[in-house]
Trainee: 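Submitted below is the structure of interest, expressed as structure tokens.
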Amino acid sequence: MNDPTLLEELLTGARAALDPYFAESDPAAYVERFGEQATYFDPNSGGKLEGGAIAKLFGAYTGQIPKWRYEILNPSLDARGDTAVFTFNLETYDLDDDSVTSRWNTTEVHARTADGWRMIHAHWSHTEPG
């Protein structure tokens, strides 16, 4: 089920995490979106990560993330009760010449908690050029 209000809330949360990620090379806000029992996959993670291993992976990225502009494309939501699957594509761009530097497919699973919606799973994969 698509809930436009929840979709906007999750988009706002994603931007609040990705803005400092790319502008300041600071992944802390992204890590803060995860719930306690979260899992994570991406091409650089070496497999499934859980809990503190997620924070450790992203902590190593602090100061190493290129300062790129990004766009969230094609966001969609499937919300069912206290669970929501939020998907989007992400493109990053070089600040000097605006060329595309990366393309990603992203799936985030969120759960409603007493503290609001928390990410319980995220999976990032590279988009192959078409």
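All values below come from the heavy atoms of this structure, side chains included, with hydrogens, waters and symmetry mates left out.
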Trainee: Please list every donor-acceptor pair under 3.5 Å in which a side-chain atom of residues 18-27 meets a protein atom from a residue at least two apart or in another chain.
Mentor:
residue	atom	partner	partner atom	Å
Asp19	OD1	Tyr70	OH	2.5
Ser25	OG	Gly63	N	3.0
Ser25	OG	Gln64	N	3.0
Ser25	OG	Ile65	N	2.8
Ser25	OG	Ile65	O	3.3
Asp26	OD1	Ala28	N	3.0

Trainee: State plainly whether one hydrophobic cluster holds both Phe34 and Trp117, where clusters connect Ile, Leu, Val, Met, Phe, Trp and Tyr through side-chain heavy atoms under 4.5 angstrom apart.
Mentor: yes
Trainee: Return yes if a side-chain donor-acceptor contact under 3.5 Å exists between Thr87 and Thr107, otherwise no.
Mentor: no
Trainee: Treating Ile, Leu, Val, Met, Phe, Trp and Tyr as nodes and any side-chain heavy-atom pair under 4.5 angstrom as an edge, say whether Tyr40 and Ile120 lie in one connected cluster.
Mentor: no
Trainee: For residues 8-17, dump all side-chain donor-acceptor pairs below 3.5 Å to protein atoms at least two apart in sequence or in another chain.
Mentor:
residue	atom	partner	partner atom	Å
Thr12	OG1	Glu8	O	2.9

Trainee: Would the Phe88 and Trp124 ring centres measure less than 6.0 Å apart?
Mentor: yes
Trainee: Should Arg112 and Arg118 be marked as a side-chain contact (heavy atoms from CB on, under 4.5 Å) after you check the CA-CA gap, both sets of side-chain angles, and the distance that decides it?
Mentor: CA-CA 6 Å; Arg112 187 188 329 257; Arg118 301 296 301 240; over 6 Å; no
Trainee: Have Tyr30 and Glu32 got a donor and an acceptor in their side chains that come within less than 3.5 Å?
Mentor: no
Trainee: For Asn105, give me all partners under side chain to side chain contact (heavy atoms under 4.5 Å, CB included), at least two apart in sequence or on another chain.
Mentor: Asn89, Ser125, Thr127
Trainee: Once rounded to the nearest 0.5 Å, what's the spacing between atom CD of Gln37 and atom NE2 of His121?
Mentor: 14.5 Å
Trainee: For side-chain hydrogen bond (donor to acceptor under 3.5 Å, both in side chains), just list the numbers for Asp97 and Ser99, CA-CA rounded to whole Å, side-chain angles, deciding distance to a tenth of an Å, and then say yes or no.
Mentor: CA-CA 5 Å; Asp97 63 10; Ser99 62; 2.7 Å; yes
Trainee: Say whether Leu90 and Leu57 are linked into one hydrophobic cluster, either directly or through other cluster members, by side-chain heavy-atom distances under 4.5 angstrom.
Mentor: yes
Trainee: Rounded to the nearest 0.5 Å, how far apart are CG of Asn44 and CG of Asp42?
Mentor: 5.0 Å
Trainee: Do Leu7 and Pro75 have side chains that get closer than 4.5 Å, going by heavy atoms?
Mentor: yes
Trainee: How far apart are the closest heavy atoms of Val100 and Tyr93, and which atoms are they?
Mentor: CG2-CE2, 3.6 Å
Trainee: Roughly how far, to the nearest 0.5 Å, is the CG atom of Asn74 from the CD1 atom of Ile72?
Mentor: 11.0 Å
Trainee: Does any non-hydrogen side-chain atom of Leu95 lie less than 4.5 Å from one of Lys67?
Mentor: yes
Trainee: Does any part of the side chain of Phe86, heavy atoms only, come nearer than 4.5 Å to the side chain of Ser76, both counted from C-beta?
Mentor: no
Trainee: Please check if Val109 and Leu49 belong to a single hydrophobic cluster, counting links between Ile, Leu, Val, Met, Phe, Trp and Tyr side chain heavy atoms closer than 4.5 Å.
Mentor: no
Trainee: Looking at side-chain heavy atoms only, is the closest gap between Ser45 and Phe58 below 4.5 Å?
Mentor: no
Trainee: Do the side chains of Met119 and Leu6 join up, straight or via other hydrophobic residues, at under 4.5 Å, putting them in one cluster?
Mentor: yes
Trainee: Backbone N or O of Thr92 within a donor-acceptor pair of the Thr101 side chain at under 3.5 Å?
Mentor: yes
Trainee: Within this structure, what is the CG-CG distance for the pair Asp3 and Asp78, rounded to the nearest 0.5 Å?
Mentor: 11.0 Å
Trainee: Roughly how far apart are Glu36 CD and Glu50 CD, rounded to 0.5 Å?
Mentor: 13.5 Å
Trainee: Looking at CD of Glu91 and CZ of Arg69, how far apart are the two atoms once the value is rounded to the nearest 0.5 Å?
Mentor: 9.0 Å
